[in-house]
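Following: one structure in structure tokens, then a few remarks.
Only this structure's heavy atoms are used, side chains among them; waters, hydrogens and symmetry mates stay out. It should be emphasised that the depicted structure is a prediction, and the values quoted were computed from it without experimental measurement.
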Amino acid sequence: MSEKLRVGILGATGMVGQRFISLLENHPWFEVVTLAASARSAGKTYEEAVGGRWKMDTPMPEAVKKIVVMNVNEVEKVASTVDFVFSAVDMSKEEIKAIEEEYAKTETPVVSNNSAHRWTPDVPMVVPEINPEHFDIIAEQKKRLGTERGFIAVKPNCSIQSYAPVLTAWKEFEPYEVVATTYQAISGAGKTFKDWPEMEHNIIPYIGGEEEKSEKEPLKLWGKIENGQIVPAAEPVITCQCVRVPVLNGHTAAVFVKFRKKPTKEQLIEALKNFRGIPQELELPSAPKQFIQYLEEDNRPQVALDVDYENGMGISVGRLREDSLYDFKFIGLSHNTVRGAAGGAILCAETLAAQKYIQAK
């Protein structure tokens, strides 16, 4: 890309906003030029607005420290400074829906980490290795919004990243019934142990709304575009429990699967190793070279050893074995704020830019 695209981050002071900023530092295609947040942060430099609440392991990039934060609600003003925006705003679902559409209607593409538009029928919800063809629905969405270049695209929930890609890799064997339990890191709630001391040495067996997302969102990923909307797939049927565990980053899933076509363990491992998509073919800047790694050791994947695989953009799988009730079971691991949040959205934006959906204004 000859000139970098100008990027704005909506909700720049929160944990996912911070993750966007850290991942976009020195990005070859995108340059962060605008940071927007709530009225209480507006008018301050980014460094002042965040204060002692910087939650990343790496230092705040110098390039953003002195950027004056804009008010996210001044939509026209923010939109006039950028080619597209990433959205990580912290508002009610209805407010998020409204403000993302407002930005799209200024002819500014919105790539969102939020859940508000995931079930809007003409909004693509994409993991670029799984369903990039769903970006085709953008043409229908633009008709509804009355835009030429403005649209909304979203990425799915962080909890499904450790098993939905695996089930996709096994599609030829027709998985039809899945039981999953996810063990989810506290950063998924935008928290660190400093913010949430009661999570130390503790497990909470409830994460609001998460189980429904974990069961339903993969079906939209595997759905088809029909009559101007994305119709979710009917199978595999998924039932899920979601548990918050005392881990900072990394969602682990324990998964049981039934297949119509009975594969061998070797066939399943081979399918994981060979699974690739458009990001790998196009060698997009954030794409993992090897999307899914299979680990042979009995005690892997582990958060401490494997969460940063492929800079947090890859999925780690282990303990694949036959089951007495189901056909096979396995453990999956993904980085929830990289692949599962900001990194997944950046990979969507790279795919959209490569396919000319996002261009300089």
Side-chain angles (χ1 to χ4, degrees), residues 4-38 40-72 78 81-82 84-90 111 113 155 158 161 185-197 199-200 246-251 284-288 302-314 333-350:
K4 289 189 181 185
L5 293 166
R6 300 167 304 153
V7 177
I9 298 169
L10 314 180
T13 56
M15 184 179 258
V16 175
Q18 292 178 24
R19 180 66 77 184
F20 273 120
I21 283 167
S22 64
L23 292 176
L24 289 166
E25 186 180 16
N26 305 318
H27 192 281
W29 294 5
F30 305 148
E31 184 176 359
V32 176
V33 297
T34 299
L35 303 173
S38 65
R40 70 176 177 273
S41 296
K44 299 175 183 172
T45 65
Y46 185 69
E47 192 172 26
E48 290 166 347
V50 171
R53 294 179 298 112
W54 181 254
K55 297 179 180 183
M56 300 296 107
D57 299 334
T58 51
M60 184 185 289
E62 290 296 325
V64 300
K65 285 183 177 177
K66 300 293 180 254
I67 293 178
V68 175
V69 177
M70 297 175 80
N71 185 336
V72 74
V78 173
T81 64
V82 297
F84 76 100
V85 294
F86 288 112
S87 174
V89 288
D90 183 13
V111 181
N113 182 66
K155 50 144 288 300
C158 52
Q161 311 282 339
I186 63 171
S187 58
K191 301 270 177 60
T192 62
F193 286 108
K194 195 172 111 188
D195 312 322
W196 205 0
M199 268 312 300
E200 290 192 40
V247 162
L248 180 60
N249 295 311
H251 287 356
L284 298 178
S286 301
Q302 288 180 33
V303 168
L305 300 176
D306 303 308
V307 75
D308 291 319
Y309 167 64
E310 288 278 16
N311 301 314
M313 289 296 286
L333 170 68
S334 60
H335 196 307
N336 56 296
T337 67
V338 182
R339 170 56 81 159
I346 291 168
L347 191 60
C348 280
E350 290 170 0

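- With a 6.0 Å radius and a threshold of 12 heavy atoms from other residues, nucleotides or ligands, Arg40 has its CZ atom at or below the threshold.
- In this structure, the separation between OG1 on Thr81 and CZ on Arg6 is 7.0 Å, given to the nearest 0.5 Å.
- For Lys55 and Asp195, the salt-bridge test passes: some basic side-chain N is under 4.0 Å from an acidic carboxylate O.
- Expressed to the nearest 0.5 Å, how far CG of Leu10 lies from CG of Asp90 amounts to 13.0 Å.
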Just list the side-chain donor-acceptor pairs under 3.5 Å for residues 303-314, sequence neighbours left out, or say none.
{"unit_1": "Asp306", "atom_1": "OD1", "unit_2": "Arg300", "atom_2": "NE", "d": "3.3"}
{"unit_1": "Asp306", "atom_1": "OD1", "unit_2": "Arg300", "atom_2": "NH2", "d": "2.7"}
{"unit_1": "Asp306", "atom_1": "OD2", "unit_2": "Arg300", "atom_2": "NE", "d": "2.9"}
{"unit_1": "Asp306", "atom_1": "OD2", "unit_2": "Gln302", "atom_2": "N", "d": "2.7"}
{"unit_1": "Tyr309", "atom_1": "OH", "unit_2": "Gln290", "atom_2": "O", "d": "2.7"}
{"unit_1": "Glu310", "atom_1": "OE1", "unit_2": "Lys289", "atom_2": "N", "d": "3.4"}
{"unit_1": "Glu310", "atom_1": "OE2", "unit_2": "Lys289", "atom_2": "N", "d": "3.1"}
{"unit_1": "Glu310", "atom_1": "OE2", "unit_2": "Gln290", "atom_2": "N", "d": "2.8"}

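- A distance-only check finds a donor-acceptor pair linking the side chain of Glu48 to the backbone of Thr45 [under 3.5 Å].
- In this structure, the side chain of His251 engages the main chain of Ala185 through a donor-acceptor pair within 3.5 Å.
- Here Ile346 contributes atom CD1 and Ser286 contributes atom OG; the two are 5.5 Å apart, rounded to the nearest 0.5 Å.
- Side-chain contact between Val33 and Val82: present, with at least one pair of heavy atoms (C-beta onward) separated by less than 4.5 Å.
- Aromatic ring pairs are classed by plane angle as parallel below 30°, tilted from 30° to 60° and perpendicular above 60°; the pair Phe30 and Phe84 is perpendicular.
- Between Ala345 and Phe86 the shortest heavy-atom distance is O-CE2, 3.6 Å.
- Sorted by first then second residue, the side-chain hydrogen bond (donor to acceptor under 3.5 Å, both in side chains) pairs that include residues 9-25, not counting sequence neighbours, are Arg19-Thr337.
- Using a 4.5 Å heavy-atom cutoff, the side chains of Ile186 and Phe193 are in contact.
- Taking CE of Met70 as the start and OG of Ser41 as the end, the distance is 13.5 Å to the nearest 0.5 Å.
- Val16 and Ala88 make their closest contact through CG1-CB, 3.9 Å (heavy atoms, listed as atom of the first residue, atom of the second, distance).
- In terms of modelled atom types and a separation under 3.5 Å, the side chain of Thr34 and the main chain of Val78 share no donor-acceptor contact.
- For Asn336 against Gly188, the heavy-atom pair with the smallest separation is ND2-N, 3.3 Å.
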Run Leu24 and Glu31 through side chain to side chain contact (heavy atoms under 4.5 Å, CB included) and show every step you take. CA-CA 7 Å; Leu24 289 166; Glu31 184 176 359; over 6 Å; no
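- Contact detail for Pro59 and Trp54: the closest heavy-atom pair is C-NE1, 3.7 Å.
- Rounding to the nearest 0.5 Å gives a distance of 8.0 Å between SG of Cys348 and NZ of Lys155.
- At a threshold of 4.5 Å between non-hydrogen side-chain atoms, the residues Tyr46 and Val68 do not count as touching.
- For Glu350 and His27, the side-chain atoms include at least one donor-acceptor pair closer than 3.5 Å.
- Other residues, nucleotides and ligands place more than 12 heavy atoms under 6.0 Å from the CG atom of Asn71.
- Looking at Asn113 and Ser87, their side chains never bring a donor and an acceptor atom within 3.5 Å of each other.
- With respect to Lys66 and Glu47, a salt bridge is recorded, a charged nitrogen being found less than 4.0 Å from a carboxylate O.
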Evaluate Ile9 against Val85 for side chain to side chain contact (heavy atoms under 4.5 Å, CB included), listing each step before the verdict. CA-CA 6 Å; Ile9 298 169; Val85 294; over 6 Å; no
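- Within the 4.5 Å cutoff, side-chain heavy atoms of Trp29 are placed close to those of Leu284.
- Side-chain contact between Lys65 and Met60 is present, with at least one heavy-atom pair separated by less than 4.5 Å.
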